[in-house]
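Treat the numbers as computed from the prediction; the structure is a model and nothing was measured. Both counts, for ligands and for their atoms, begin at 1 and track the order of listing.
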Amino acid sequence: MESNFRKDISNPDRFVVTMELVPGEQSRGRSVDTVMRIAEDALRDGRISAVSITDNPGGHPSLSPDVLGSEIVSRGMDVIVHFTCRDQNRVGLESRALQLGHLSIRNILALTGDFAGKGFAGQGAPVFDLDSVSLLSMLRMMNEGTLARGDREDFFAGCAFSPFKRTEEESFCQYFKLFKKVGAGASFAITQVGYDARKFHEALCVQRDWGMQIPTLGSVYLLTPKVAGVMCEGRIPGVVVTKRLLGTVQEEWEDRDRGKAALIDRSARLAVILRGLGYRGVHFGGVHRDFGVLSAVLDRMEEIKHRWREYLPDFDFPQKNGFYLYHRDPDNGLSAGEIIPCRSRASHADRVVFQAYRAIHRTFFNHDAPFASIYSSLCQRLEKRPLASLLVRTVEDVSKKFLFSCQECGDCGIQHLAFFCPESQCPKHTRNGPCGGSRNGMCEVHPERRCVWFRAYRRWASVNQPERIKEEYVPPRRWELNRTSSWINFHLGRDHQGEELFKKSK
Ligand code: SF4
């Protein structure tokens, strides 16, 4: 018996079931045996299309999903490998993709990834040379044969997104980025974990209204009180469990048998709701010891699959002052009508600053500006005079350091981020939208700071252009320009805006 995720998810009549497995920090022994046993049991069961394997979850070292995936694939169970941008630069990522191709692993979940965690002698260096949108572009180009020098690859790449953000800024930004991921080549999507049926429905409504054709799996986590507590505290980036839900789960588990029965029932109910709403499948998490509980959930789903509407009130766990993109349908509590126009605005002072930056940028850094050819020939002359060139760099460095905490990358991307610097203001250097880890508008890595995309959204919304974040694909920075003048690089067409890669990836 063999499973085939790509075939199953491409079949609109099939409701796909996948599950997530988490490798341990061992190369052999109990954690490896457990993962292999669960995968084999799932294969025997016959209802699972693929197991997904996490990539150093939480940023901590664990057994490579590629190695484990290869072993599982060889036994007949299809695999989705999580592929994050945290630990390797673009060379390492491309090499890893070639390795996966060689191992006959085609299904890839392309993720920006959690921030770096602890390994040997302390915290690891966060790389984030690419973000998830660039990674998807890279995989697509490997498939097209426009990047690799060898044969075309045959990756089936997907992405993740979170429908469960509390604020308008984060909610829209998640969907803007999803839109770009689809444009960059994502063939399937998996949601983050949450327990709000209206939010799950909202995600499908946005996909419909923005013309995103992407089969989507909704995530369902087998929720125990311990994990629910961790999720409720926000310790797993992007996952939402409200205090009310935590209280319900804790109360159910006062009696262990009752708790287990409630876990099975809740998971099955949410899964059949996803099916009823139009999700292409369900992605289960929280399968750690054996396949038995998930098997019971699947049995229960079969019994109750036609009653999903009855269960909608069981998944009414809104966040306090939570934003929704659609009005609430009074009949069923789901989304209704059209997308609500954005209301968020930057402060008056910030709007003035933003407008000033835009005016300066339009005048001096625009290839279509009236004086563009003059700037270009000026830069060519400056380049030939080392002292003049050094003077330009000094003026540029001092002013940009003061205004934008510039990191002298030489390939400036502030204009794409409403004049915030992705190098200094985002610990993951995202250039195409936020990671999934922001919480209540604050950064996953520095919770005392606003997520830079939250601030960028407000600026763009203030000039009624929030969709700029959705429309613009921003390629990765060009490292060969590091510590050179981004002003000169721009006018001589050397940076990402004059780059051939940019045109190909659009
Ligand atoms: S600034 Fe936003 S996108 Fe960047 S790491 Fe923090 S939460 Fe993620």
Side-chain angles (χ1 to χ4, degrees), residues 55-59 82 84-87 89 110-117 123-136 159-181 184 191-194 231 233-240 319 323 344 346 350 404-407 409 412-461 466 468-470 472-477:
D55 178 12
N56 295 337
H82 294 214
T84 69
C85 302
R86 176 193 49 237
D87 302 322
N89 70 10
L111 305 163
T112 298
D114 300 336
F115 200 64
Q123 183 168 346
V127 180
F128 299 109
D129 188 22
L130 303 186
D131 60 24
S132 52
V133 177
S134 303
L135 176 59
L136 283 161
C159 65
F161 70 102
S162 175
F164 302 107
K165 296 298 177 189
R166 192 184 67 79
T167 65
E168 172 192 325
E169 294 82 353
E170 293 166 283
S171 301
F172 269 106
C173 281
Q174 280 295 312
Y175 292 121
F176 290 160
K177 193 169 183 186
L178 176 64
F179 189 85
K180 283 160 103 164
K181 287 173 179 174
T191 72
Q192 254 296 5
V193 172
M231 290 177 173
E233 285 169 19
R235 279 160 53 198
I236 304 183
V239 173
V240 175
Q319 297 171 80
F323 172 82
S344 175
D350 200 32
F404 307 108
S405 305
C406 171
Q407 305 285 299
C409 76
C412 192
I414 56 174
Q415 66 277 21
H416 308 299
L417 232 167
F419 300 99
F420 293 111
C421 170
E423 296 301 309
S424 65
Q425 303 299 302
C426 172
K428 297 185 188 174
H429 313 312
T430 54
R431 286 163 90 89
N432 285 289
C435 72
S438 67
R439 186 172 158 87
N440 299 328
M442 309 310 271
C443 173
E444 169 195 325
V445 185
H446 300 295
E448 72 287 356
R449 284 195 218 154
R450 286 260 190 234
C451 167
V452 70
W453 290 97
F454 182 100
R455 298 164 73 198
Y457 175 93
R458 285 194 161 179
R459 282 187 171 178
W460 285 123
R468 281 287 292 267
I469 298 171
K470 174 181 164 209
E472 224 171 17
Y473 169 74
V474 186
R477 62 177 273 201

Before accepting this row, confirm whether a basic side-chain N of the pair Arg166/Glu170 lies closer than 4.0 Å to the acidic partner's carboxylate O.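 Result for this pair is no, no salt bridge flagged.
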
Do the side chains of Asp350 and Arg459 get close enough for a salt bridge, i.e. N-O under 4.0 angstrom?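 Yes, this pair counts.
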
Locate the shortest heavy-atom distance separating Cys412 from Ile414; write the atom from each residue and the value.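 Closest approach of Cys412 to Ile414: SG-CG1, 3.4 Å.
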
So which heavy atom on Ala110 is nearest to which on Ser132, and how close?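 Smallest heavy-atom distance, with atoms named: O-CB, 4.0 Å.
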
For [atom], what's the nearest protein heavy-atom neighbour? Residue, atom name and distance, please.
atom                    : result
atom 4 (Fe) of ligand 1 : Cys426 SG, 2.3 Å
atom 7 (S) of ligand 1  : Glu444 N, 3.3 Å
atom 6 (Fe) of ligand 1 : Cys443 SG, 2.4 Å
atom 1 (S) of ligand 1  : Val452 N, 3.5 Å

Show which atoms of ligand 1 fall inside a sub-4.0 Å distance from at least one heavy-atom site of [X].
X      : value
Trp453 : 3 (S)
Pro427 : 1 (S), 4 (Fe), 5 (S), 6 (Fe)
Thr430 : 3 (S)

Does Ser405 offer a backbone N or O that forms a donor-acceptor pair with the side chain of Ser424 under 3.5 Å?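 Judged by distance alone, yes, a pair lies under 3.5 Å.
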
Of the backbone and side-chain N, O or S atoms of Cys451, does one lie nearer to atom 2 (Fe) of ligand 1 than 2.8 Å?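 It does: Cys451 brings an N, O or S atom closer than 2.8 Å to atom 2 (Fe) of ligand 1.
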
Sole residue of Gln174, Arg455, Arg458 in side-chain hydrogen bond (donor to acceptor under 3.5 Å, both in side chains) with Glu169: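 For Glu169, the side-chain hydrogen bond (donor to acceptor under 3.5 Å, both in side chains) test succeeds with only one of Gln174, Arg455, Arg458, which is Arg458.
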
Side-chain H-bond candidate by donor/acceptor type, Trp453 with Ser438, under 3.5 Å: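 Side-chain D/A pair, Trp453 to Ser438: absent.
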
Heavy atom under 4.0 Å from ligand 1: found in Phe115's side chain, backbone, both, or neither?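 Neither part.
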
Measure from atom 4 (Fe) of ligand 1 to each N, O or S atom of Cys435 and report whether any distance is below 2.8 Å.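 No, Cys435 does not qualify, because none of its backbone or side-chain N, O or S atoms lies under 2.8 Å.
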
